[in-house]
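Reminder, nothing fancy here: chain letters follow the sequence lines and each chain counts from 1.
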2 protein chains.
Amino acid sequence: MKIHELEKRMKEAGFKLTNQRLSLLSVLDKFSETMVTAEELLTECQKDYPATNITTVYRNLILLEGLRLLHKTSDSKGKSLYKLVCSDEHHHHMVCLDCGKVESFDFCPLEELRKITERNNFRLVEHNLELYGVCSECDKKINEE
Amino acid sequence: MKIHELEKRMKEAGFKLTNQRLSLLSVLDKFSETMVTAEELLTECQKDYPATNITTVYRNLILLEGLRLLHKTSDSKGKSLYKLVCSDEHHHHMVCLDCGKVESFDFCPLEELRKITERNNFRLVEHNLELYGVCSECDKKINEE
DNA sequence: AAACTAAATGCAAACGATTTGCAATAAGGA
DNA sequence: TCCTTATTGCAAATCGTTTGCATTTAGTTT
């Protein structure tokens, strides 16, 4: 989703477009291929707009999540990671354990999963299919060392 | 895995079988079908052995994780959830969002996933396929209300 | 353009989950 | 039974995140 579209969505939802928010959106956009922490977002935001504060970052992340514009997960230590949602059609991700880069792929065995849950009278709400490993760039770097 | 086997593994790894540990193993075994928090484990442990302490629970959970006997994830709020690893062959889980119950299924599209990662020069380390929803019992309960 | 008002911010302090330092205790071999 | 070292319990520290409150600001209204 383009930044302009994100700004429009916030505005339409009745939120003010403060400098802190514009800066956060632009940073999120910049990192749209990577899962990042709130702290990393803050650091980047401060480059545009030094006054930005971690509290504000968190508050706006919560807000974006509420608008379903932001995807939140947690790393193995329980720390939260964020990324703008993908607006394209259904797909899943490969996440690099080294640099956090996220690559997408279209495959999803949803049909099969539906059959399984029906067989168990399990009301399927969500499914999560994610691959973890080392992306080609990081793998190259490791081999060079 | 049977409790006795777990105890054996700990002992073999050079750890002492304290009452706190025995009590934790038995509680984990009791909850082997459910993801539970450290707090819930403590509460149960204290029924057997009232002196048990949250610090000890955490320390032993870390230890069991290190022995690869324990599986750790986090819920949507980042709180950690634990469960003994399954010793049976490769499978995935459906997790009830209501009661935490975990059911297993054998299906896994690993072949397909391998093809995808190879195509992307992505070195696959781990994959996660998990279904979330409402289990048949909870669904029944909800409908009764 | 100045005034207004509710929303948004920044700070410091609170928070909950988890970890750590340290002195006291207990497991399991000698 | 004794001894040594691992383990425990407690309190305090830590980390990421959230909240209360006074101040500031966006975006409207005059």
Side-chain angles (χ1 to χ4, degrees), chain A residues 6-28 35-46 48-67 69-83 100, chain B residues 6-25 27 35-46 48-67 69-83 100:
Chain A
L6 294 167
E7 294 176 1
K8 198 172 141 233
R9 298 276 194 104
M10 289 206 87
K11 191 142 209 176
E12 282 171 0
F15 297 109
K16 293 180 179 172
L17 294 180
T18 61
N19 290 325
Q20 291 87 333
R21 282 178 182 162
L22 295 174
S23 142
L24 178 62
L25 287 178
S26 109
V27 169
L28 280 170
M35 307 283 335
V36 283
T37 62
E39 207 61 49
E40 289 170 312
L41 290 168
L42 174 68
T43 306
E44 275 306 297
C45 283
Q46 287 179 329
D48 308 1
Y49 193 77
T52 313
N53 180 284
I54 190 71
T55 307
T56 301
V57 170
Y58 275 115
R59 281 198 271 234
N60 287 323
L61 288 173
I62 290 167
L63 191 155
L64 287 167
E65 221 193 323
L67 292 176
L69 297 175
L70 191 71
H71 173 63
K72 178 182 177 184
T73 42
S74 32
D75 69 9
S76 61
K77 298 205 161 118
K79 195 189 284 188
S80 298
L81 299 175
Y82 304 88
K83 176 181 166 308
Chain B
L6 294 167
E7 293 176 1
K8 198 172 140 235
R9 297 277 193 103
M10 289 205 86
K11 190 142 209 178
E12 281 171 0
F15 297 109
K16 293 179 178 171
L17 293 181
T18 61
N19 292 324
Q20 291 85 336
R21 282 181 182 159
L22 295 174
S23 142
L24 179 61
L25 286 178
V27 169
M35 308 282 336
V36 283
T37 62
E39 205 62 50
E40 289 169 311
L41 290 168
L42 173 69
T43 306
E44 276 306 298
C45 284
Q46 288 179 329
D48 307 1
Y49 193 76
T52 312
N53 180 284
I54 190 70
T55 307
T56 301
V57 170
Y58 275 116
R59 281 199 272 233
N60 288 323
L61 289 172
I62 290 169
L63 191 154
L64 288 168
E65 223 192 324
L67 292 176
L69 298 175
L70 192 70
H71 173 63
K72 178 183 176 184
T73 43
S74 32
D75 69 8
S76 62
K77 296 203 162 120
K79 195 189 284 188
S80 298
L81 298 176
Y82 305 87
K83 177 182 165 307

(message) I'd like to compare against my own output: the B/S/- annotation of nucleotides 3-13 of chain C with a strict under-4.0 Å heavy-atom distance to protein.
(response) ---BSSBBBB-

(message) Using side-chain contact (heavy atoms from CB on, under 4.5 Å), reason through B:Val36 and B:Leu81 one step at a time and then give a plain yes or no.
(response) CA-CA 5 Å; B:Val36 283; B:Leu81 298 176; 6.0 Å; no

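Of all the heavy atoms in B:Leu63 and B:Met10, the pair that sits closest is CD2-CE, 3.0 Å. Considering every non-hydrogen atom in both B:Ala13 and B:Leu67, the closest pair reads CB-CD2, 3.6 Å. Smallest separation of non-hydrogen atoms from B:Thr52 and B:Leu42: O-CD1, 3.6 Å. In plain terms, the two heavy atoms of B:Tyr82 and B:Thr37 that are nearest each other are CD1-C, 4.4 Å.
Axis orientation changes by 20° from one end of the helix from C:dA1-D:dT30 to C:dA30-D:dT1 to the other, with each end axis drawn from 5 pairs and the value rounded to 10°.
The closest side-chain heavy-atom distance from A:Leu28 to A:Leu6 is not below 4.5 Å. Taking 4.5 Å as the limit, every side-chain heavy atom of A:Lys11 sits out of range of all side-chain heavy atoms of A:Glu7. The closest side-chain heavy-atom distance from B:Leu61 to B:Lys72 is not below 4.5 Å. Annotation: side chain of B:Leu25 is not in contact with side chain of B:Leu69 (no heavy-atom distance under 4.5 Å).
Distance B:Lys72 NZ to C:dT19 C1': 11 Å, rounded to the nearest Å. Atom-to-atom, CD of B:Glu40 to C1' of C:dG16 comes out at 15 Å; the value is rounded to the nearest Å.
Looking at heavy-atom distances under 4.0 Å, A:Ser80 makes contact with sugar-phosphate atoms alone, never a base.
With a heavy-atom cut-off of 4.0 Å to chain A, the contacted part of DNA chain D has its first and last nucleotide at D:dG16 to D:dG27.
We find the CG-CZ distance between A:Asn53 and A:Arg59 to be 8.0 Å, quoted to the nearest 0.5 Å.
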